[in-house]
Amino acid sequence: MKLGEKMRYLREVEGALRGLGREMTQQEIVQAIRKEMGKSISQAYLSQIERGARPHLTNSTRMLLAKFFKVHPGYLVDDPEGFQNELISDVGALEDKLDLWLVSGAERFSRDPDLHHALLTVARHADSRMCLILLGTILENPGLAERLMEVLKAPAPAPNHKPRRRS
């Protein structure tokens, strides 16, 4: 993946994490960096990065963007030709590949604690495939997901007191 593609992906993820339901614009990124980090970067510079006109970042820009997007600075470079970010092996089982995919997703959404925790919990389960199939089944039943969330998020009931024995 090229640096420009990674920047567009990060803007998309950042928009989702901030509840926008869309990718953040380059200008919104510039404003957020200024407000949250007290640093500045121009929209034109971001545009050049995304278009590939600037295939390399200065170290200070790389560190600023890495800190803002909460990614490792090494992520903000072009991947080598033929690079795969997933392990490819005939020996690996489907379950292992699914677990790696879930863990990767959890890392991408580390700024959303609930989603991050949920993805890791499924990945750590002995049968993550079954967990996802179960989730699909729950979502196919109208109202079931909402009812389960209501029940699971409810405060714990007060402990029951045993009735006194009559003498």
Is there a side chain to side chain contact (heavy atoms under 4.5 Å, CB included) between Gln31 and Gln27? Walk through the geometry before answering. CA-CA 6 Å; Gln31 291 168 347; Gln27 192 59 43; 3.9 Å; yes

Does the pair Glu28 and Arg18 meet the rule for a side chain to side chain contact (heavy atoms under 4.5 Å, CB included), with working shown? CA-CA 12 Å; Glu28 287 171 328; Arg18 292 175 183 243; over 6 Å; no

With salt bridge (charged side-chain N to carboxylate O under 4.0 Å, His left out) as the criterion, how do Arg147 and Glu150 come out once you've worked through the C-alpha distance, each side chain's angles and the decisive distance to 0.1 Å? CA-CA 5 Å; Arg147 179 68 182 127; Glu150 186 179 302; 2.8 Å; yes

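Contact check on Glu14 versus Arg11 returns no salt bridge, with no Lys/Arg side-chain nitrogen under 4.0 Å from an Asp/Glu carboxylate oxygen.
Clustering ILVMFWY residues whenever any of their side-chain heavy atoms sit less than 4.5 angstrom apart, transitively, puts Tyr9 in the very cluster that holds Leu20. Criterion: ILVMFWY side-chain heavy atoms under 4.5 Å apart, direct or through other members. Under it, Phe109 and Leu132 are part of a common hydrophobic cluster. Taking hydrophobic clusters as Ile, Leu, Val, Met, Phe, Trp and Tyr residues chained together by side-chain heavy-atom distances below 4.5 Å, Trp101 does not share a cluster with Ile133. A single hydrophobic cluster is seen to contain both Met37 and Met7, as judged by linkage of ILVMFWY side chains at heavy-atom distances under 4.5 Å, directly or through other members.
Atom NE2 in His117 sits 12.0 Å away from atom CG in Asp112 (nearest 0.5 Å). Expressed to the nearest 0.5 Å, how far NE2 of His125 lies from CG of Leu102 amounts to 12.5 Å. Note: Ser110 OG to Leu115 CG = 10.0 Å, rounded to the nearest 0.5 Å. Residue Arg54 holds its CZ atom at 12.0 Å from CG of Leu3, rounded to the nearest 0.5 Å. With rounding to the nearest 0.5 angstrom, the CZ atom of Arg8 is 10.5 Å from the CZ atom of Arg51. Ile49 CD1 to Gln26 CD: the interatomic distance, rounded to the nearest 0.5 Å, is 9.0 Å.
At least one donor-acceptor pair closer than 3.5 Å links the side chain of Asp127 to the backbone N or O of Met130. A donor-acceptor distance shorter than 3.5 angstrom exists from the side chain of Lys6 to the backbone of Val77, with no hydrogens or angles considered.
When all heavy atoms of Ser42 and Val30 are compared, the closest pair comes out as C-CG2, 3.8 Å. Nearest heavy atoms, Leu119 versus Gly105: CD1-C, 3.6 Å.
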Acceptor/donor pairs from residues 57-71 side chains to any protein atom, 3.5 angstrom cut, sequence neighbours excluded:
residue: Thr58; atom: OG1; partner: Ser60; partner atom: OG; Å: 3.4
residue: Thr58; atom: OG1; partner: Thr61; partner atom: N; Å: 3.2
residue: Thr58; atom: OG1; partner: Thr61; partner atom: OG1; Å: 2.8
residue: Arg62; atom: NE; partner: Leu76; partner atom: O; Å: 3.3

